[in-house]
Amino acid sequence: GDPAVREWLRRQGKPVAAPATEGDGEHGLAGAIGEHFESVQRHFAAMAEALPRLPSDLGRGWERLQTELAGRSVLRIIVLLAAFLALGYGCQAVWVRLMRRPLQRLSEFSFDTPAERVRAVALRGAFGAGVLASIAIGTFGAFLLFNWPPLMRELLISALVAFLVQRAVFAADMILLAPIERFERFRVVPMSTAAAKYWHGRIMRIASIFAAGTVVFNMMTTLGMPEIDWLMFAYVVDFVFLVLLVEATLRRPEPMQPRKRFSRAAVTWFTCGCLVVLYALRIADAMHLFWLVLFIVGLPAAIGLVQRSVNHILRPPGHADASSALPSVRIVAFERGIRTALIVGATVGLARAWGVGMTALTDGDMMSVRLLRGVFSAAVILLLADFAWQVIKAAIDRALTAANSGAHPESEAGRQARMRTLLPILRNIILVTLIAFAAMMALSALGVEIGPLIAGAGVVGVAIGFGAQTLRSEEHTSGLQ
């Protein structure tokens with residue numbers, strides 16, 4: 001705001017920011033909301049204006065495709081594409097025939113312990129990866145034998161990639177849901193066979209429409225059609241997805257275990273409402289809010305699904321799932337590790353969707369970027385602290401359960417009594433220490449001065465040390481008596 005500084009900046013040819021006035025923040029927020037509504041109105045107006053021109057745009061795209069074909073028959077191209085896909089299925093059949101005996105031995109594996117289940121799931125995953133690789137070799141290997149015009153090559157590659165994505169979804173679905181009845185003991189996600197068949201059918205229907213829609217979408221963009229045309233096509237495909245997802249939600253089978261928190265009707269209406277809100281945000285071009293709502297709603301659902309799957313696969317022998325027994329350190333580490341990876345990955349994906357790359361997040365100097373960087377660092381610190389606490393807590397709880405079991409000789413009675421006394425104290429000390437360190441590191445990442453907090457924590461640590469020393473002295477005295 002200094003006039004001398006503003007005059008120097010003007011002479012240097014640099015932009016001069018207007019001086020701040022009262023109410024600028026309020027006007028900026030209201031202005032931003034107003035601009036967004038105007039942008040939505042312009043978006044819908046552009047679609048209404050472009051709709052009558054859609055047939056002529058499609059005609060120009062078809063003419064460009066005909067020019068690119070240069071005398072080649074469209075039917076011949078379709079026949080060649082079908083031949084590529086058939087060759088891919090042939091390579092898949094060869095792979096399945098080669099793996100027939102290993103699959104027979106796999107079906108005879110014991111499935112009682114967590115290690116055996118993990119090994120069986122890993123082997124099925126390797127078989128599915130081999131199936132996908134054989135299809136890719138067959139389709140793309142045959143495709144590379146021909147010379148294609150650049151535009152046609154791009155269109156065919158997009159079609160083959162969409163086909164491989166659909167087959168990858170099929171392979172993952174067969175591993176996670178195992179809808180075939182004779183493979184139900186290999187199922188990763190806990191559900192009945194009827195439910196597995198139901199969700200398998202819905203998932204493959206959505207994946208097939210997604211693959212076909214992706215091919216048409218890429219064709220429209222490659223042929224140079226206006227952006228508003230392929231956006232309208234994308235909205236139509238999204239509406240089909242909305243109808244399929246709502247239908248799948250309304251007609252879904254009952255879960256194996258009834259819900260304890262919310263009724264089926266509440267979950268159904270909440271899910272359908274979220275789907276409608278997401279579609280409304282999508283067609284309104286409010287993509288920042290779209291990804292935020294998807295993050296808030298989808299991440300807890302994904303975490304719950306992963307937790308149920310881990311508890312199902314790593315359950316001890318004789319238990320329905322791992323949650324009904326005292327969890328081992330490996331189970332807790334695996335489940336919490338996947339949970340942490342999901343949260344961090346979803347947060348990074350949300351930042352990318354908002355246009356904040358990792359380079360800008362780490363090197364940016366704007367106030368908003370620094371605040372976002374601090375929040376992200378604090379969240380990672382708290383997640384790592386939670387991971388460490390859950391692993392340590394599981395180890396202490398198992399040691400405490402062993403000390404309380406009573407299956408020890410009389411010579412170990414004194415030692416087990418001390419374990420029963422000290423382990424809960426140790427657990428509480430570790431909890432308080434982790435909370436203190438995680439909170440201070442998170443506050444430091446947010447830019448808060450933590451020097452006074454460290455000094456206070458040192459005083460508290462000294463007090464805890466004296467208290468522990470007194471407790472140990474009293475225990476030693478009572479032992480001598």
Side-chain angles (χ1 to χ4, degrees), residues 27-70 74 77-78 149-159 161-162 165 205-247 272-298 349-357:
H27 175 73
L29 178 61
I33 295 176
E35 288 178 1
H36 181 72
F37 277 108
E38 291 179 0
S39 175
V40 172
Q41 290 176 348
R42 290 194 300 268
H43 184 64
F44 282 111
M47 287 193 294
E49 184 181 354
L51 189 59
R53 300 196 306 264
L54 184 59
S56 60
D57 292 339
L58 292 173
R60 284 192 294 269
W62 177 255
E63 291 176 359
R64 184 180 178 187
L65 181 61
Q66 291 282 37
T67 303
E68 182 70 18
L69 290 176
V74 176
I77 300 295
I78 296 176
L151 182 62
M152 184 55 59
R153 183 188 304 114
E154 186 174 349
L155 293 176
L156 289 176
I157 287 177
S158 66
V161 169
V165 170
R205 189 180 304 170
I206 292 174
S208 301
I209 295 176
F210 175 80
T214 302
V215 172
V216 178
F217 184 85
N218 291 335
M219 182 180 298
M220 295 176 71
T221 56
T222 304
L223 293 176
M225 296 185 64
E227 178 182 358
I228 194 65
D229 291 347
W230 44 262
L231 275 179
M232 288 191 292
F233 173 76
Y235 295 154
V236 172
V237 176
D238 291 340
F239 181 76
V240 175
F241 287 155
L242 174 65
V243 173
L244 292 176
L245 290 172
V246 169
E247 183 269 341
C272 293
C274 289
L275 292 172
V276 173
V277 169
L278 286 172
Y279 181 72
L281 294 174
R282 175 77 172 94
I283 63 174
D285 202 26
M287 297 309 297
H288 287 181
L289 288 177
F290 173 87
W291 291 113
L292 180 62
V293 173
L294 185 61
F295 177 86
I296 294 174
V297 176
L350 180 63
R352 287 182 177 273
W354 281 3
V356 182

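All residue numbers refer to positions in the sequence shown, counting from 1.
Atom CG of residue L54 and atom CZ of residue F233 lie 11.0 Å apart, to the nearest 0.5 angstrom. For the atom pair CD1 (I228) and OH (Y235), the distance works out to 6.5 Å, reported to the nearest 0.5 Å. If you take CG on L289 and CG on L278, they are separated by 10.5 Å, rounding to the nearest 0.5 Å. The line from CZ of R53 to CE of M225 is 11.0 Å long, rounded to the nearest 0.5 Å.
Evaluation of the side chain to side chain donor-acceptor pair (under 3.5 Å) rule for E227 yields no partner, not counting sequence neighbours. Considering only residues two or more places apart in sequence or on other chains, A284 meets the side-chain contact (heavy atoms from CB on, under 4.5 Å) condition with V40. Not counting sequence neighbours, the partners of V246 by the side-chain contact (heavy atoms from CB on, under 4.5 Å) test are L242, L250, C272, L275. The side-chain contact (heavy atoms from CB on, under 4.5 Å) search around I296 returns L292, not counting sequence neighbours. The side-chain contact (heavy atoms from CB on, under 4.5 Å) test applied to D285 returns H43, M287, not counting sequence neighbours.
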Residues 206-221 side chain polar contacts: donor-acceptor under 3.5 Å, at least two apart:
residue	atom	partner	partner atom	Å
S208	OG	Q166	NE2	3.3
S208	OG	M204	O	2.8
T214	OG1	F210	O	2.6
N218	ND2	T214	O	3.2
T221	OG1	F217	O	3.3
T221	OG1	N218	O	2.9

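Side-chain contact between M232 and L51 is present, with heavy atoms from C-beta onward closer than 4.5 Å. Using a 4.5 Å heavy-atom threshold, the side chains of W291 and L294 count as touching.
Annotation for F44: atom CZ counts as buried by contact number, over 12 foreign heavy atoms lying within 6.0 Å.
Contact detail for R282 and A234: the closest heavy-atom pair is NH2-CB, 3.9 Å.
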